[in-house]
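Heads up, the thing below is written out as C-alpha cells.
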Amino acid sequence: MNRLVVGAHYGMRDWLAQRITAVIMALYTVIVAVIVLINTPMRYAGWKALFEQGWMRVATLLFAVSLAWHAWVGVRDILMDYIKHDGLRLTLQVCTLLLLGAYLGWTIQILWR
C-alpha cells in the first residue's frame, strides 16, 4: 500500500520565512539606527526629509511586509497549537489576516500620501 503524504514540508517553509523576515527587519533596524545616530538630534524636518526619499519608503514598506508576514506565521502557529475548535481558530485567523492587511494598507497610505 502506497501512502500519499499531503502537506509535508510546510514547517520548513514557515521556519525559513521567519528567519528571512527577521533578517530583513534586523537590517532595516540597523540602517535606521545608524541614520539616527549620525543625525542626532533628529527633528521633524529631518524625519520628513528622510521619508521623502524613495529608497527609504521602499525599505520601510519592505520592513512592514516582513513584519506582517513574520507576525502571521507566528500567530497562525500559536492558534493552530492552542485553539482546538476549528470554527474559533478559523475566525481568529481571518481576523488576524484582516488586521494585518489593514495595518499594511495604513502603512502604504502613510508612506505615499
Side-chain angles (χ1 to χ4, degrees):
M1 174 187 280
N2 290 333
R3 291 186 180 220
L4 178 63
V5 178
V6 179
H9 305 293
Y10 288 126
M12 176 62 103
R13 183 190 66 198
D14 292 342
W15 180 87
L16 192 58
Q18 288 286 91
R19 289 349 176 242
I20 291 170
T21 56
V23 168
I24 291 169
M25 290 185 295
L27 288 173
Y28 178 85
T29 302
V30 169
I31 290 168
V32 171
V34 167
I35 290 171
V36 169
L37 289 175
I38 289 172
N39 297 316
T40 302
M42 197 156 196
R43 306 257 191 269
Y44 174 77
W47 284 107
K48 185 176 180 191
L50 178 62
F51 280 92
E52 285 176 349
Q53 300 177 36
W55 71 268
M56 188 61 181
R57 288 180 180 179
V58 171
T60 303
L61 182 60
L62 181 61
F63 174 85
V65 169
S66 296
L67 180 62
W69 192 357
H70 193 90
W72 165 245
V73 171
V75 170
R76 190 199 64 216
D77 287 351
I78 290 169
L79 293 174
M80 286 177 17
D81 286 346
Y82 295 106
I83 306 296
K84 299 303 178 192
H85 187 270
D86 293 336
L88 178 60
R89 183 175 59 241
L90 179 61
T91 300
L92 291 173
Q93 287 176 337
V94 168
C95 289
T96 301
L97 279 173
L98 290 174
L99 188 62
L100 291 172
Y103 288 154
L104 279 176
W106 192 16
T107 301
I108 292 168
Q109 181 185 16
I110 290 169
L111 288 173
W112 275 280
R113 181 167 41 147

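Hydrogens, waters and symmetry mates are skipped; everything else that's a heavy atom, side chains included, is used.
In the hydrophobic clustering of this structure, Leu61 groups with Phe63; members are Ile, Leu, Val, Met, Phe, Trp, Tyr whose side-chain heavy atoms approach within less than 4.5 Å, directly or through other members. Cluster membership for Val65 and Leu67, using ILVMFWY side-chain heavy atoms within less than 4.5 angstrom, is shared. Criterion: ILVMFWY side-chain heavy atoms under 4.5 Å apart, direct or through other members. Under it, Ile20 and Leu62 are part of a common hydrophobic cluster. Leu97 and Tyr82 fall into different hydrophobic clusters, where Ile, Leu, Val, Met, Phe, Trp and Tyr are joined by side-chain heavy atoms under 4.5 Å apart, directly or via other members.
Nearest heavy atom pair, residue Gln93 against residue Trp72, reads O-CZ3, 3.7 Å. When every heavy atom of Leu50 is checked against every heavy atom of Met56, the shortest pair comes out as O-CB, 3.3 Å. Between Gly74 and Gln18, the shortest heavy-atom contact is N-OE1, 4.1 Å. In terms of heavy-atom proximity, Leu79 sits nearest to Arg89 at O-CD, 3.4 Å.
Within the model, atoms NE2 of His85 and OG1 of Thr91 stand 9.0 Å from one another, a figure rounded to the nearest 0.5 Å.
Residue pairs meeting the side chain to side chain donor-acceptor pair (under 3.5 Å) criterion with at least one member in residues 30-39: none, sequence neighbours excluded.
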Per-pair distances, 0.1 Å, donor-acceptor, side chain in residues 100-113, under 3.5 Å, sequence neighbours excluded:
from   : atom 1 : to     : atom 2 : distance (Å)
Thr107 : OG1    : Tyr103 : O      : 2.8

Hey, can you pull the donor-acceptor pairs under 3.5 Å for the side chains in residues 28-37, sequence neighbours left out?
from  : atom 1 : to    : atom 2 : distance (Å)
Tyr28 : OH     : Thr60 : OG1    : 2.8
Thr29 : OG1    : Met25 : O      : 2.8

